[in-house]
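Numbers restart at 1 for each chain; the letters A, B, ... are given by sequence-line order, proteins then strands.
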Protein chains: 4
Amino acid sequence: MKEKITEQSIRLFEKKGFSETSIQDLVESIGVTKGTFYYYFSSKEELLLDIHLGYINELLQHQERILNDNSKSCKEKLFEIVRMLITNIKTQGQAAKIFFREMKNLSEERLAIVVPKRDQFRLNIEGLIIEGMKLGEFRPDLNASIITFGILGITNWSYQWFNPSGKSSDSEVAEIFVEMILKGIQVK
Amino acid sequence: MKEKITEQSIRLFEKKGFSETSIQDLVESIGVTKGTFYYYFSSKEELLLDIHLGYINELLQHQERILNDNSKSCKEKLFEIVRMLITNIKTQGQAAKIFFREMKNLSEERLAIVVPKRDQFRLNIEGLIIEGMKLGEFRPDLNASIITFGILGITNWSYQWFNPSGKSSDSEVAEIFVEMILKGIQVK
Amino acid sequence: MKEKITEQSIRLFEKKGFSETSIQDLVESIGVTKGTFYYYFSSKEELLLDIHLGYINELLQHQERILNDNSKSCKEKLFEIVRMLITNIKTQGQAAKIFFREMKNLSEERLAIVVPKRDQFRLNIEGLIIEGMKLGEFRPDLNASIITFGILGITNWSYQWFNPSGKSSDSEVAEIFVEMILKGIQVK
Amino acid sequence: MKEKITEQSIRLFEKKGFSETSIQDLVESIGVTKGTFYYYFSSKEELLLDIHLGYINELLQHQERILNDNSKSCKEKLFEIVRMLITNIKTQGQAAKIFFREMKNLSEERLAIVVPKRDQFRLNIEGLIIEGMKLGEFRPDLNASIITFGILGITNWSYQWFNPSGKSSDSEVAEIFVEMILKGIQVK
DNA sequence: TATGAATGAGCGTTCATTCAT
DNA sequence: AATGAATGAACGCTCATTCAT
């Protein structure tokens, strides 16, 4: 039941927004009562935290697996991370939108749990860029921090428009983006 | 007074969110009463529409000016648009965050006013990419639509992290991003 | 309207208890809506504080007037205070019951406003006892503090049983009590 | 377990109030679940009745023992009863406060069980006063009923302020009160 | 003997909005 | 141009109670 509530809440929060979705909306759409909700969650915000953690933890684990694969070059690792994020939209896109949009609805104490994980994800990419620069895979004069924000912008913004059942597949989009990131769009 | 209310509302909506900011919060922070608000706006959503239109209209005008300057190459125009968006964060960053985050709080009728303008902005960039491809400035095999989404991701995401009074200036960041977009990060 | 709400709330809180009376109960019995209540009071507890202050402030003023009347002896002043408290039951009995019974429903900050006043009333009586001991009106070996608690017990407990429209009038009861306090019940 | 629940409930009801203490509060502080509570008690009010009866029955028994001791004078019996009530604060003070304060939370049917016992306790004292008047121990012109209310006021009010581990012991306080009741505070 | 899941009614409070003045 | 009083619907949350196990 707890899982059922969480899943349905992700659907509703994504569609209507966290503040705009009432507990009543949520439980009615499942067919239980408010009491049931509060049997499983201590508050609405607790549920939001659960969603955040479920999303970012899975992402971090996947990222870790990619980064620790020593058979891959930095370029390949970057491609894998980008593809993971695009592919992710199919299964986790709603949770992702909530993650990016509703963070402000977490209290300071709860933010203190989530924010370091979000930063970790970004810093892992930044570390990958720096390593690639050292190994001669990436240009040596990059501003790794800002470039990372750029890459994250490309991928995170995809949650706003990418349609997994549209014309271009996730792998195609990921390839286009990685090619853009690596080679640019300019004629040489 | 109407302007005063709008300006203050942008500050509050950005900080706390649209749904989380009450009319009471708003008018109290200005020192007037709720009646005053409803003298100038027919509803809270009307105010939100005003903010949206103020933001996107100004952006479109500025974009148009850049695109119509025939003395500039496509690359240069692209740079100008990116720089405009980054620079914009200093003066319009709060409105931009509201624009991206609170669109779901507009009714369908009001969305029908805003969405075409938002799409126009994107399609203008897409057109610029296509033109650049034709003119031999950009690689001829690009997926203009997806590349445009990538560029917009880079710039729009900046509203989440770029601090105009931080280490890197708006022009620096814009340059880094345009270089990344044009040349990529890979060693040739 | 504010006064109307306060008066009616005193009636209901006395009869059913503070926690047992809902805002709904209160506003329905007046014929307005909950919104109206919250237009005049910031919270239910704020209303309770209002009742407490209205009661104790009036009592303190009256007591002050009695104590400052230099034409009266200590015995006479004591009689006046006891009579005031018994007489008070007719007009303020409901507020008094709330005052004694519902103090625990005030937050610590609000208690900090009320408690000193309640203590002041008691200490004023204690001071009167001590003065009477010095002036030779009362026995010189009394424990003024405990005696004061005894006197307050007699008067405050009256709110639980004294019926102003019953067999004995307020003046009669006050006389019986003061005679008991002064002379005791023992045959000399 | 039933006793454990009752004891803990007395502690909580006294501190926070009956309505302000939830079954959840109660069972959590003991480490059992709500089901357990409802295995032993049919309702929250039933528990409150248990507390009331436990308190008043014990008091009545003790009072009966004092009154039936034919070796004692009326004055001595009065002293014993007053001392019993003050002493009682140490062991039964919390139950006493609940008894006086939370009676309004009993339904009419349950009140019909408790109120006659409470009245009996008072009437027993009134009877003692009358007997003392007949026997020439007390002044013959007393209003026994009101005097009894005065005595009960003194003792019952003690639950509000008397601290068994404070400066004055229970016996001292009882002596001061009985002396006050018997001889008054006036210089003869 | 005790639990855990679920209910349904109610609570204090907030809020966008209305409207006579 | 602006206010102040009032509304009514909704919200997050609590709670006493039930009941199958």
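- Nearest to the side chain of C/Tyr38, among E/dT13, F/dT17, F/dC13, sits E/dT13.
- Nearest nucleotide to the D/Ser43 side chain, out of F/dT17, E/dC15, E/dG12: F/dT17.
- The distance from atom CD1 of A/Ile23 to atom P of E/dT13 is 19 Å, rounded to the nearest whole Å.
- Along DNA chain F, the nucleotide nearest B/Val32 and the nucleotide nearest A/Gln24 are compared for position; the residue whose nucleotide lies closer to the 5' end is B/Val32.
- A straight line from CD of D/Glu46 to C1' of F/dA16 spans 14 Å, rounded to a whole angstrom.
- The distance between atom CG of B/Leu48 and atom P of E/dA16, rounded to the nearest whole Å, is 13 Å.
- With salt bridges taken as basic N to acidic carboxylate O contacts below 4.0 Å, one links B/Arg110 and B/Glu46.
- The interatomic distance linking A/Glu28 (CD) with F/dG12 (P) rounds to 12 Å, in whole Å.
- As judged by a 4.0 angstrom heavy-atom cut-off over every strand, A/Phe37 is placed among residues making no nucleic acid contact.
- Pair check for E/dA9 finds F/dT14; Watson-Crick or G-U wobble, both atom distances under 3.5 Å.
- Distance from the side chain of B/Thr36 is smallest for F/dA2 among the nucleotides E/dG4, F/dA2, E/dC11.
- When the nucleotides F/dC13, E/dT1, E/dG8 are ranked by their closest atom to the side chain of D/Tyr39, E/dT1 comes out on top.
- Aromatic rings from B/Trp157 and A/Phe100 are positioned such that their centres are separated by under 6.0 Å.
- With distances taken from any side-chain atom of A/Met1 to the nucleotides E/dA6, E/dT1, F/dT17, the minimum falls on E/dA6.
- Heavy-atom nearest nucleotides on DNA chain E were determined for C/Phe18 and for C/Gly35, and the one closer to the 5' end corresponds to C/Phe18.
- Relative to the side chain of C/Tyr40, the nucleotides F/dA6, E/dA2, F/dC15 differ in distance, and F/dA6 lies closest.
- A donor-acceptor pair under 3.5 Å is absent between the side-chain atoms of A/Lys16 and the main chain of B/Asn105, judged by distance alone.
- Ring-plane geometry between D/Phe18 and D/Phe13 is classed as perpendicular, the angle between the planes exceeding 60 degrees on a 0 to 90 degree scale with a lower cut at 30.
- In this structure, E/dT21 and F/dA2 make a Watson-Crick or G-U wobble pair, each of the two defining distances being under 3.5 angstrom.
- Looking at heavy-atom distances under 4.0 Å, D/Thr21 makes contact with sugar-phosphate atoms alone, never a base.
- The nearest whole Å value for the distance from the CG atom in D/Leu47 to the P atom in F/dT17 is 11 Å.
- Rounded to an integer number of Å, the gap from B/Glu20 CD to F/dA10 C1' is 15 Å.
- Nearest heavy-atom pair, A/His52 versus A/Met103, reported as atom, atom and distance to 0.1 Å: NE2-CA, 3.7 Å.
- Remark on DNA chain E: of its neighbouring residues C/Asp25 and D/Gly31, the 5'-side contact belongs to D/Gly31, judged by nearest-heavy-atom nucleotide.
- The side chain of A/Ser22 contributes no N or O atom lying less than 4.0 Å from OP1 or OP2 of F/dA10.
- Which of E/dT7, F/dG12, F/dG8 sits closest to the side chain of C/Thr33 comes down to F/dG8.
- Smallest separation of non-hydrogen atoms from C/Ser107 and C/Glu45: N-OE2, 2.6 Å.
- When the C1' atom of E/dG10 is taken as reference, atom CG of C/Leu26 falls 16 Å away, rounded to whole Å.
- The base of E/dT3 lies outside donor-acceptor range of the side chain of D/Lys34, with no N or O pair under 3.5 Å.
- A straight line from CG of A/Asn105 to P of F/dG12 spans 11 Å, rounded to a whole angstrom.
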